[in-house]
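Since the structure comes first, as structure tokens, the remarks are kept for the end.
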Amino acid sequence: MKYSVNAQCPCGSGLKYKQCCLPYHKGKLPKNALVLMKSRYSGFVVADAKYIIKTTHKENQDYTDDFNLWEKEILQFSHNGDFQKLEILEFVDGEFEAYVTFKATIFFGSEDASFIEKSKFYKIERKWLYHSGEFLG
Ligand SMILES: [Zn+2]
């Protein structure tokens with residue numbers, strides 16, 4: 001899918017994609033875990049599998065060295081999902097470890113696959129990475 005750089009950013013900031021999450025997808029380092037989390041959500045929406053892979057901690061259960069297979073799985077999720085909304089419920093910042101609790105409203109066809117997740121992030125060598133998530137409620 002080609003996402004217009006002038007469209008509203010999928011993360012819900014109200015800014016244009018090119019003024020919000022696109023710079024991170026192009027290599028700018030998010031200043032904290034919240035910005036990373038939002039840019040990863042946008043990454044799923046715009047089907048930027050490489051960004052998702054690049055920002056996933058090696059200890060994550062989805063992590064695999066088979067990048068081709070992993071990329072395929074991410075793209076399938078991106079293409080099949082109807083990503084309607086991201087809501088940030090809580091952000092607990094830290095120097096090397098941080099948590100973001102969010103609600104993602106996602107549909108697969110008529111199936112409501114929305115969920116609330118508390119995500120854990122680690123900062124390694126100046127880069128925030130998604131470590132793991134716990135589903136709530
Ligand atoms: Zn954004």
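Both ligands and their constituent atoms are indexed starting at 1 by order of listing.
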Check for a donor-acceptor pair, side chain of [X] on one end and backbone N or O of [Y] on the other, with a separation under 3.5 Å.
| X | Y | result |
| --- | --- | --- |
| S78 | F44 | yes |
| H25 | S39 | yes |
| N60 | T56 | no |

Run the side chain to side chain donor-acceptor pair (under 3.5 Å) check on Y99 and S119 step by step: do they pass? CA-CA 6 Å; Y99 296 85; S119 294; over 6 Å; no
Would you say the ring centers of F77 and F108 fall short of 6.0 Å from each other? yes
Could you grab the distance from atom NZ of K120 to atom CD of E97, nearest 0.5 Å is fine? 5.5 Å
Tell me, which protein N/O/S atoms are under 2.8 Å away from the Zn ion (ligand 1)? C9 SG, C11 SG, C20 SG, C21 SG
